[in-house]
Amino acid sequence: MLPLLDQTIDQLQEWFAERTLPRYRAAQVWGWLFEKRASQFDEMTDLSKALRGRLAEEFQIWTTRVEAHPIAADGTEKLLLGLGDGNRIECVLLRDGKQNRTVCISTQVGCAMGCVFCASGLDGVARNLTTGEILEELLHLARLLPAEERINHIVVMGMGEPLANLDRLLPALAIASSPQGLGISARRITISTVGIPKAIRRLADENHQYHLAVSLHAPDDELRSRLVPTNRKVGIAAILEAADYYFEKTGRRPTYEYVLLGGLNDQPEQAHKLASLLAGRPALINVIPYNPVAGLPYETPPSFATARFVQILEQAGLTIAVRYRKGDRIDAACGQLRRSHA
Ligand code: SF4
């Protein structure tokens, strides 16, 4: 059977046309999945029973299944999804106030980037997710919400390096942002990357309106190459140039993510270096105090070190926000839940 969500709407229309059925049926099926959150063809009651049967014979809506679903006291929900080949991935629903419903999705099984403080990269990368699997993450998460609530932000910040799987991610985001899909504005979709200049330039040249978040984590190549090993081949300068180019082409100001690791990258001289690196650039900075991961030796910085770091950046005139990880006690850091179930 074909995974339904790996079909584009055009391909699905073609499927109907080849059977001398109206092409608009494809939009109806899509509407049932994304708008009405149906989970099986039998729920699609404006299609005839015979047609529902034919669809069910040829297409599989779900190739993934929920294997674990922990919920944190703050309302954050995490899903561990089992894939058809036995691999597992994670995705998260975050609630902020009455309005904001943000989901964080994965793009690969594991990750090849090897950031030393991250559970997702500990075992390397197994494979890219398909477009359908990425969309299934969104649908599973949407189904956690009551009917009157909608996902309104997507952050592509879960397991994997999104820019290493752009060919499958972009079609999924195109559906997520289209009116026939989830209808989430591209400007409310954030793609996070450790920095692959060529892929950032591709996003810029294709003039996507997605928000770009670059995970920097260090103000110089020596330290960054220790924390994010792929930096050895790339270097901060090339990443910043590509991010500047993204701004020039799209008008969208990049965010720089800086996970603050106690005693390692949270010192005043590092804050000063970061300030001079980003001075004059279009940049928002997110400082994220580290969430400890079992088995890894990194620590949350003391709150005075976070405050000092932030103050130095603010005094340099940079726009900065401190973000705290949500979902405490549900293995909130990316990759932790998957490891605890391995
Ligand atoms: S932090 Fe992101 S890029 Fe780095 S290893 Fe983890 S999942 Fe990969």
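Starting from 1, each residue takes its place in the sequence as its number. Order of appearance sets the numbers: ligands from 1, and atoms from 1 within every ligand.
- For ligand 1, the atoms lying closer than 4.0 Å to a non-hydrogen atom of Ser120 are 7 (S).
- Of the inter-residue distances, the one linking Asp6 atom CG with Arg168 atom CZ reads 9.5 Å to the nearest 0.5 angstrom.
- The ring pair (Phe, Tyr, Trp, His ring centres under 6.0 Å) check on Trp15 picks up Phe59, with sequence neighbours excluded.
- Between Arg37 and Leu139 the shortest side-chain heavy-atom distance does not fall below 4.5 Å.
- For ligand 1, the atoms lying closer than 4.0 Å to a non-hydrogen atom of Cys111 are 3 (S), 5 (S), 7 (S), 8 (Fe).
- Look at Cys115 and atom 8 (Fe) of ligand 1: no N/O/S atom of the residue is under 2.8 Å from the metal.
- When each atom of ligand 1 is checked for a heavy atom of Gly160 under 4.0 Å away, the hits are 7 (S).
- Note that CG of Leu33 is 9.5 Å distant from CD of Glu43, once rounded to the nearest 0.5 Å.
- Every atom of ligand 1 with a heavy atom of Gly114 under 4.0 Å away is listed here by number and element: 5 (S).
- When only modelled atom types and interatomic distance are considered, Thr76 and Asp74 share a side-chain donor-acceptor pair under 3.5 Å.
- In the vicinity of Val194, heavy-atom distances shorter than 4.0 Å reach the ligand 1 atoms 3 (S).
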